[in-house]
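To start, the structure under review is shown below, and the notes come after it.
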Amino acid sequence: MSNNINKVSAKSPLWDLGVHKYSKIFKLESGKKLRNLEIAYQTYGTLNAKKDNVIWACHALTANADVLDWWKGLFGAKDLFNPEEHFIVCANVLGSNYGTTNPLSVNPVTGQPYYLAFPEFTIRDLAAIHQILADHLGIKTVKTLIGGSLGGQQALEWSISGKTEIENLILVATNAAHSPWGIAFNESQRLAIATDRTFFANKPDGGYKGLKTARSIALLSYRTYEAYNETQLESVNDKVTDFRASSYQNYQGEKLCKRFNAYSYWYLSKAMDSHNVGRGRKSIADALKLVKANTLVIGIENDVLFPITEQQFLAKHIVDAQFASIKCAYGHDGFLIETDKLTNIIGNFLKENASKNKKVIKLQHTA
């Protein structure tokens, strides 16, 4: 990745990697402090002269800043959000092992990696870091802020803060506060990690087997009964072992372990648990009224982890929010899979709001 990049101008390259080295001490919501904060991010496209073509994507639990890779079909050269029209920004979150400061980073006080000495952080902290990066890039207005799952939690918190003007907010398969059900899933995964004694050995691959088990547990909340029946059903009736579903769980666990680590997973799952927009505010409903953006909330009808009632709640309490739902046999993972459906829903929403804005401007000129 490149060194600290200066504020983006209208002549920005079509694609860039960056690491913003924050010169100040970052104070977490808990009151604890982080020194030498680094924020890894990627940008695509060109920021126009008016700086009003910014699309900001917030990523989910184990994703990274390369949104054109993990959200293909929605972000890409010929997709709804493309670098030819938009200036796309995606920042890697605090705690992740894809470049931003995380548990494997060196603690400037000890000169050794943090591991389990890393301070716990919240979704609100992740949103605050988005604001730091936006200030660094000279971005004061975000045309469209979008996120799914944990990414949606970040987008919601950032929009509530009111520190950057968000014109359109798109929340997919997310919620206003993480549910007891979701927290229980996350705790079960952390229990699995903690049973692996190597997790406490303070080494980069510590907790490898525990992480593999945790991913297997998580997958059950991301998918559905129907999805497993469609993809893992046996073609013969005489098997008594070595089932396709068993192999699949093992494969998915190994796959994550090759690209992620147990420490980042541990801390990010705790951050997800912390999500509650009502904390420190009058109530959850009152907090949602602070959202000023044109808002679209999208739910997945058979999402086990983030039930559609949670998105309906968001749409009910965010002023003038629109609600849409999609069907997907894959459940929660549908927010990454059903990109054609998302493109149609989001595209229509943005066109409607663009038309409304033109009417408002016309009325102002004729008044």
Side-chain angles (χ1 to χ4, degrees), residues 57-63 70-75 80 123 146-156 169-189 214-234 243-249 251-253 255-256 268-269 272-273 275 284 288 295-318 321-349:
C58 299
H59 73 70
L61 187 68
T62 65
W70 56 262
W71 221 344
K72 292 176 182 175
L74 190 61
F75 286 80
L80 180 63
I123 295 296
I146 182 171
S149 194
L150 180 137
Q153 294 174 339
Q154 297 167 59
L156 179 59
L169 174 64
I170 301 170
L171 305 172
V172 189
T174 194
N175 51 20
H178 209 48
S179 67
W181 174 249
I183 293 170
F185 263 112
N186 285 342
E187 181 64 17
S188 297
Q189 294 171 64
R215 185 62 165 184
S216 179
I217 294 169
L219 205 61
L220 300 177
S221 69
Y222 300 157
R223 301 291 172 85
T224 64
Y225 176 94
E226 291 78 15
Y228 275 84
N229 262 3
E230 282 186 15
T231 62
Q232 305 305 322
L233 193 65
E234 300 297 333
F243 294 103
R244 291 180 64 183
S246 298
S247 297
Y248 182 72
Q249 295 302 103
Y251 166 74
Q252 290 293 342
K255 185 178 177 182
L256 180 70
L268 284 167
S269 70
M272 180 177 275
D273 290 353
H275 178 57
I284 292 175
L288 293 176
T295 304
L296 170 64
V297 185
I298 303 174
I300 299 169
E301 293 180 9
N302 57 347
D303 190 339
V304 174
L305 186 57
F306 289 78
I308 199 166
T309 52
E310 296 189 328
Q311 293 87 60
Q312 291 169 335
F313 180 88
L314 288 171
K316 178 181 178 181
H317 292 284
I318 296 174
Q322 293 186 34
F323 172 78
S325 65
I326 61 175
K327 293 181 179 179
C328 178
Y330 284 88
H332 184 64
D333 270 356
F335 85 93
L336 296 171
I337 297 169
E338 298 290 353
T339 52
D340 286 345
K341 293 177 182 178
L342 288 176
T343 295
N344 183 51
I345 294 169
I346 296 170
N348 288 334
F349 168 77

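Throughout, residue positions are numbered sequentially from 1 according to the sequence presented.
- Heavy-atom contacts from other residues, nucleotides or ligands closer than 6.0 Å to OH of Y225 number 12 or fewer.
- Taking all atoms of both residues into account, the shortest heavy-atom contact from A315 to F323 is CB-CB, 3.7 Å.
- Considering all non-hydrogen atoms of both residues, I300 and A173 come closest at CD1-CB, 4.2 Å.
- Taking the six-membered ring where tryptophan is involved, the planes of F185 and W181 are perpendicular, since the angle between them exceeds 60° and thus also 30°.
- Among H178, M272, H59, the single residue meeting the side-chain contact (heavy atoms from CB on, under 4.5 Å) criterion with L150 is M272.
- The two atoms that bring C58 and G151 nearest to each other are CB-O, 3.3 Å, heavy atoms only.
- The minimum heavy-atom distance linking Y228 with R223 is given by the pair CE1-CB, 3.6 Å.
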Worksheet item: Should F349 and N344 be marked as a side chain to side chain contact (heavy atoms under 4.5 Å, CB included) after you check the CA-CA gap, both sets of side-chain angles, and the distance that decides it?
Response: CA-CA 9 Å; F349 168 77; N344 183 51; over 6 Å; no
Worksheet item: Yes or no on side chain to side chain contact (heavy atoms under 4.5 Å, CB included) for I318 and F313, after CA distance, side-chain angles and deciding distance?
Response: CA-CA 9 Å; I318 296 174; F313 180 88; over 6 Å; no
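- Q249 is listed as a side-chain neighbour of L219, based on a closest heavy-atom distance under 4.5 Å.
- Closest approach of Q189 and A218 over heavy atoms only: OE1-CB, 3.3 Å.
- The side-chain heavy atoms of I146 and I346, taken from C-beta on, include a pair separated by under 4.5 Å.
- The closest donor-acceptor contact from the side chain of E234 to the backbone of R244 lies under 3.5 Å.
- The two residues L171 and T174 come nearest to each other via the heavy atoms CB-CG2, 3.8 Å.
- Classification of the F306-H332 ring pair by plane angle, with boundaries at 30° and 60°, yields parallel.
- Judged by distance alone, the side chains of E226 and N302 never bring a donor and an acceptor atom under 3.5 Å apart.
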Residues 334-343, side-chain donor-acceptor partners within the protein, below 3.5 Å, at least two apart:
from: K341; atom 1: NZ; to: K327; atom 2: O; distance (Å): 2.7
from: T343; atom 1: OG1; to: G73; atom 2: O; distance (Å): 3.4
from: T343; atom 1: OG1; to: T339; atom 2: O; distance (Å): 2.7

